[in-house]
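Each remark here refers to the structure printed beneath this line.
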Amino acid sequence: MAETEHRPTNFIRQIIDKDLANGVHTSIKTRFPPEPNGFLHIGHAKSICLNFGIARDYQGSCNLRFDDTNPAKEDIEFVNSIQQDVKWLGFEWDGEARYSSDYFDQLHGFAVELIEKGLAYVDFSTQEAMREMRGTLTEPGKNSPYRDTSIETNLQEFAKMTAGEYPEGHCSLRAKIDMTSPFMCMRDPVIYRIKFAHHHQTGEKWCVYPMYDFTHCISDAIEGITHSLCTLEFQDNRRLYDWVIENITIDCTPHQYEFSRLNLEYTVLSKRRLIQLVEEKHVAGWDDPRMPTIAGLRRRGYTPGSVREFCLRIGVTKMDNMVEMSMLEACIRDDLNVNAPRAMAVLEPIKLVIENYPEGESETLTAPNHPNDESMGTRNLNFGREVWIEAEDFRESANKKFKRLVLDKEVRLRNAYVVKANRVEKDAEGNVTTVYCTYDADTLGKDPADGRKVKGVIHWVDVASGEPAQFRLYDRLFNVPNPAAEDDFVDAINPDSLIVKSGWVEPGLPGRVPEVGSWQFERTGYFCLDKDSTPEQLVFNQTVGLRDTWAKIGD
RNA sequence: UGGGGUAUAGCCAAGUUGGUAAGGCAGCGGGUUUUGAUCCCGCCAUCCGUAGGUUCGAGUCCUGCUACCCCAGCCA
């Protein structure tokens with residue numbers, strides 16, 4: 001799709017512009033550093049577009065680095081899905097994917113260097129003791145009794161930790177900084193802990209793993225990252241980031257800049273909650289079309305371009321934000337409106353019988369694939385005596401605002417004739433099942449000759465040739481704008497977030513899947529074929545409905 | 001006064017040397033239309049969290065205040 005032409009500036013690009021102008025850097029290197037402990041979501045897309053977008057616009061490059069320092073939470077399944085999602089979004093990382101675990105040897109060496117400089121020590125305090133000694137937000141912490149252990153002893157103890165001589169939790173390596181610092185993360189943070197876990201990349205090689213704060217800055221430096229972009233909650237951590245870089249021997253000084261993470265109304269974007277939705281089966285999986293994951297959006301019918309456009313439109317700042325869902329929907333509508341061919345589908349069918357149409361006969365009509373784009377060509381439509389129409393497009397009586405089919409009134413069948421409803425047939429419950437009508441044979445491709453105006457147009461599917469299909473209509477996953485603020489966000493799940501309907505689509509759709517993978521079912525919305533489709537029954541996901549001013553007016 | 005951050009329309013967001021409030025989404029009018037879609041045209045902050053101050057002039061500078069977010073994992 002045609003993404004917003006101008007590259008909106010933001011404070012990070014301004015910093016880069018300045019660095020370039022001042023000769024602080026001559027080339028730009030960024031990185032996207034997910035922990036492989038879940039699927040990527042729309043919030044990650046913001047970071048991906050930021051990092052890869054900057055690399056592209058400044059002729060730099062961007063690394064993909066898995067921040068895999070906690071094997072207990074991570075899995076190879078996620079490193080695979082993450083790579084797939086980044087590629088799908090249309091970005092290419094520099095060289096091979098990297099892993100923080102690629103640097104475990106170097107990281108260990110830097111830890112030893114810190115010990116040798118008297119800037120790190122092995123602490124045998126229990127976690128509880130450490131917590132008590134750390135102080136609080138308003139009170140300073142107290143020095144650990146192990147803080148003054150000799151360098152030689154610390155070297156020996158760290159070697160023992162590394163050799164697996166101590167059980168998990170028995171001790172940890174701490175940076176010796178300042179227990180009275182107003183920054184909690186500077187109160188002698190743990191930089192290495194013992195973990196006897198299988199690591200998806202390094203297997204059983206290690207039983208000690210470096211912590212995020214120690215790992216991230218060093219990994220950035222090793223990779224020559226110039227601008228390390230992360231979210232706001234790491235602002236305090238920047239002091240530790242800089243401390244580590246200053247106190248080890250490394251010739252690169254990357255800098256961290258923080259921007260606000262994305263919040264989207266009526267959904268959740270925290271890994272923890274997303275994992276819970278999947279594990280407790282509130283959704284069908286990571287790629288459930290209701291999920292804000294990249295995989296979910298993809299299956300829902302969102303295009304890579306629409307997600308990129310969304311990221312462009314929301315911008316990058318340090319303000320806490322809560323973006324309305326309409327912003328995302330506008331992006332996919334803008335894309336599909338130009339790129340999705342039109343088709344007709346009836347989601348909740350009732351039968352329309354054209355009484356004056358010769359029985360047993362049929363004809364082939366031609367319909368444009370796009371009303372405003374002739375280059376998309378035309379298609380043939382079978383038309384006969386019986387067609388399916390939408391139940392909601394017919395009423396026995398209605399006021400003039402209802403521009404659809406009403407008894408004794410006329411309406412146009414899209415791409416076909418004008419018909420007039422004569423009588424109805426109902427089932428035992430009183431629901432209309434069949435409408436009998438007559439058609440004006442002289443209205444194909446033209447208005448009635450006598451000048452009468454037919455305002456309404458409804459869509460239809462030929463009974464004889466239509467194909468059965470299931471339609472999955474999605475609504476917001478939660479009933480409240482900010483489910484994360486609820487006591488238990490699970491209670492706010494919208495029970496009607498998925499509605500399944502069975503109806504008919506014009507024939508041949510699977511055989512001519514458009515490049516975008518989506519169709520606009522006229523007057524209904526944008527749909528894509530779901531992977532659950534079988535030869536017996538097609539399954540379509542509604543990506544988003546058409547803008548519907550009628551629904552708001554009501555009647 | 002623990003520290004770190006942020007405050008511009010319903011939402012997102014430009015505004016960077018002070019010169020008299022971009023744009024997008026949503027909304028509201030109107031036009032075109034064989035999709036109540038699209039498209040087109042118009043409207044939508046005398047005001048920038050708040051109270052003062054400096055200045056010929058402040059969203060932009062200064063001071064006070066208020067609100068909200070983040071930090072006390074051997075998570076990231």
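Residue numbering restarts at 1 for every chain, and letters A, B, ... go by the order of the sequence lines.
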Nucleotide paired to U35(B) in any strand shown, Watson-Crick or G-U, under 3.5 Å: none

Using the P atom as the point on both nucleotides, what is the distance between C25(B) and A13(B), in whole Å? 16 Å

Under 4.0 Å, counting only non-hydrogen atoms across every strand here, what does K271(A) touch: a base, just sugar-phosphate, or nothing? nothing

With rounding to the closest Å, how many angstrom separate the P atoms on C48(B) and G53(B)? 15 Å

side-chain N/O K18(A) vs U16(B) OP1/OP2, d < 4.0 Å: no

Parallel, tilted or perpendicular: which describes the rings of Y209(A) and H199(A), with under 30° parallel and over 60° perpendicular? parallel

Would you state whether a donor and an acceptor, one from the side chain of R238(A) and one from the base of G4(B), lie under 3.5 Å apart? no

Consider the side chain of T9(A), meaning its heavy atoms from C-beta on, and name the nucleotide among A13(B), C75(B), A14(B) that approaches it most closely. A14(B)

Nucleotide G5(B), atom P - distance to CG of N237(A) in whole Å: 13 Å

Sorted by chain and residue number, the salt bridge (Lys or Arg N to Asp or Glu O under 4.0 Å) partners of D102(A) (sequence neighbours excluded) come out as none

Have a look at Q520(A) and say if it touches a base, only the backbone sugar-phosphate, or nothing, with a 4.0 Å heavy-atom cut-off. base

When rounded to whole Å, the CG to P distance for the pair L336(A) and C39(B) reads 13 Å

For N143(A), check side chain to side chain contact (heavy atoms under 4.5 Å, CB included) against everything at least two apart and list the hits. R147(A), M179(A)

With sugar-phosphate meaning primed atoms plus P, OP1 and OP2, does A72(A) contact a base, only sugar-phosphate, or nothing at under 4.0 Å between heavy atoms? nothing

Nearest-neighbour nucleotide for the N372(A) side chain, C75(B), A13(B), U38(B) considered: U38(B)

I15(A) has an atom CD1; how far is it from atom P of U16(B), in whole Å? 16 Å

Exercise answer: donor-acceptor pairs, residues 126-133 of chain A side-chain atoms, under 3.5 Å, sequence neighbours excluded:
{"from": "T126(A)", "atom 1": "OG1", "to": "A129(A)", "atom 2": "N", "distance (Å)": "3.0"}

Check for a donor-acceptor pair, side chain of N382(A) on one end and backbone N or O of T364(A) on the other, with a separation under 3.5 Å. no

Contact class for S270(A) (heavy atom, under 4.0 Å): base, sugar-phosphate, or nothing? nothing

Answer with base, sugar-phosphate or nothing: what part of the nucleic acid does D67(A) contact at a heavy-atom distance below 4.0 Å? sugar-phosphate

Atom pairs, N/O to N/O, protein against nucleotides 70-73 of chain B, distance under 3.5 Å?
{"from": "A72(B)", "atom 1": "O2'", "to": "R134(A)", "atom 2": "NE", "distance (Å)": "3.1"}
{"from": "G73(B)", "atom 1": "OP2", "to": "R134(A)", "atom 2": "NH2", "distance (Å)": "2.9"}

Output yes when a side-chain donor or acceptor of T136(A) lies under 3.5 Å from a complementary backbone atom of E139(A), and no otherwise. yes

Can you check whether S260(A) has a side-chain N or O nearer than 4.0 Å to OP1 or OP2 of C69(B)? no

Distance, C1' atom - from G15(B) to C28(B), rounded to whole angstrom: 27 Å

Rounded to the Å, how far apart are D320(A) CG and G4(B) P? 17 Å

Partner nucleotide of A13(B) by Watson-Crick or wobble geometry (both distances under 3.5 Å): none

Starting at the 5' end of RNA chain B, which residue's closest nucleotide do you reach first, K400(A) or R239(A)? R239(A)

Take the protein atom OH of Y209(A) and the nucleotide atom C1' of C74(B), then report the distance between them rounded to whole Å. 14 Å

If we take the C1' atom in both C44(B) and G27(B), what is their distance in whole Å? 8 Å

Pairing nucleotide - C68(B), Watson-Crick or G-U, each distance under 3.5 Å: G5(B)

On the nucleotide U6(B), are OP1 or OP2 found under 4.0 Å from the side-chain N or O atoms that T317(A) carries? no

Check every strand shown and say whether M344(A) touches a base, only sugar-phosphate, or nothing at a heavy-atom separation below 4.0 Å. nothing

For nucleotides 24-27 of chain B, which of its nitrogen or oxygen atoms have a protein nitrogen or oxygen under 3.5 Å away, and what is each distance?
{"from": "C25(B)", "atom 1": "O2'", "to": "S326(A)", "atom 2": "OG", "distance (Å)": "3.1"}
{"from": "G27(B)", "atom 1": "OP1", "to": "K552(A)", "atom 2": "NZ", "distance (Å)": "2.1"}

Figure out the CD1/C1' separation between I12(A) and G5(B), and round it to whole Å. 14 Å

Partners of E522(A) by salt bridge (Lys or Arg N to Asp or Glu O under 4.0 Å), sequence neighbours excluded? R414(A)

Taking only N and O in the side chain of R404(A), is any of them less than 4.0 Å away from OP1 or OP2 of G36(B)? no

Sub-3.5 Å donor-acceptor pair from the side chain of R65(A) to the main-chain atoms of P34(A), do we have one? no

Hey, does the side chain of N415(A) reach the backbone of A367(A) with a donor-acceptor pair shorter than 3.5 angstrom? no

Is there ring stacking between W550(A) and G36(B), where the centres must be under 5.5 angstrom apart and the planes under 30 degrees? yes

Using the ring of F489(A) (Phe, Tyr or Trp, six-membered ring only), decide whether R273(A) places NZ or CZ under 6.0 Å from its centre and within 45 degrees of its axis. yes

Check every strand shown and say whether D123(A) touches a base, only sugar-phosphate, or nothing at a heavy-atom separation below 4.0 Å. nothing

What is the separation between atom CG on L262(A) and atom C1' on C12(B), rounded to the nearest whole Å? 10 Å

Quick one: which of U6(B), U16(B), U35(B) gets closest to the side chain of Q14(A)? U16(B)

Base partner of C43(B), which must satisfy Watson-Crick or wobble distances under 3.5 Å: G27(B)

So, applying salt bridge (charged side-chain N to carboxylate O under 4.0 Å, His left out) with E410(A), which one of K453(A), R452(A), K420(A), K455(A) is it? R452(A)

If I pick the C1' atom on U66(B) and the same atom on G57(B), what distance separates them, to the nearest angstrom? 28 Å

For the pair made of CG in L240(A) and C1' in C75(B), what is the distance, rounded to whole Å? 14 Å

Residue closer to the 5' end of RNA chain B, H370(A) versus P210(A) (nearest nucleotide): H370(A)

Is the phosphate of G2(B), meaning OP1 or OP2, less than 4.0 Å from a side-chain N or O of R187(A)? no

Just compare A7(B), A37(B), G2(B) and give me whichever is closest to any side-chain atom of T138(A). G2(B)

Can a donor-acceptor pair be found, under 3.5 Å and without considering hydrogens, that links the side chain of S172(A) to the backbone of V190(A)? no

Ignoring hydrogens and angles, tell me if any N or O in the side chain of E279(A) forms a donor-acceptor pair with the backbone of Q276(A) under 3.5 Å. no

So what does K403(A) touch, heavy atoms closer than 4.0 Å: a base, only the sugar-phosphate, or nothing? base

How far, in whole Å, is C68(B) from U63(B) if one measures between their C1' atoms? 22 Å

Interatomic distance at P, G29(B) relative to A37(B), whole Å: 13 Å

Expressed in whole Å, how much space separates the C1' atoms belonging to C56(B) and A51(B)? 23 Å

Just compare U6(B), A13(B), U35(B) and give me whichever is closest to any side-chain atom of N321(A). A13(B)

Look at the aromatic rings of F32(A) and H44(A) and report parallel, tilted or perpendicular, splitting at 30° and 60°. perpendicular

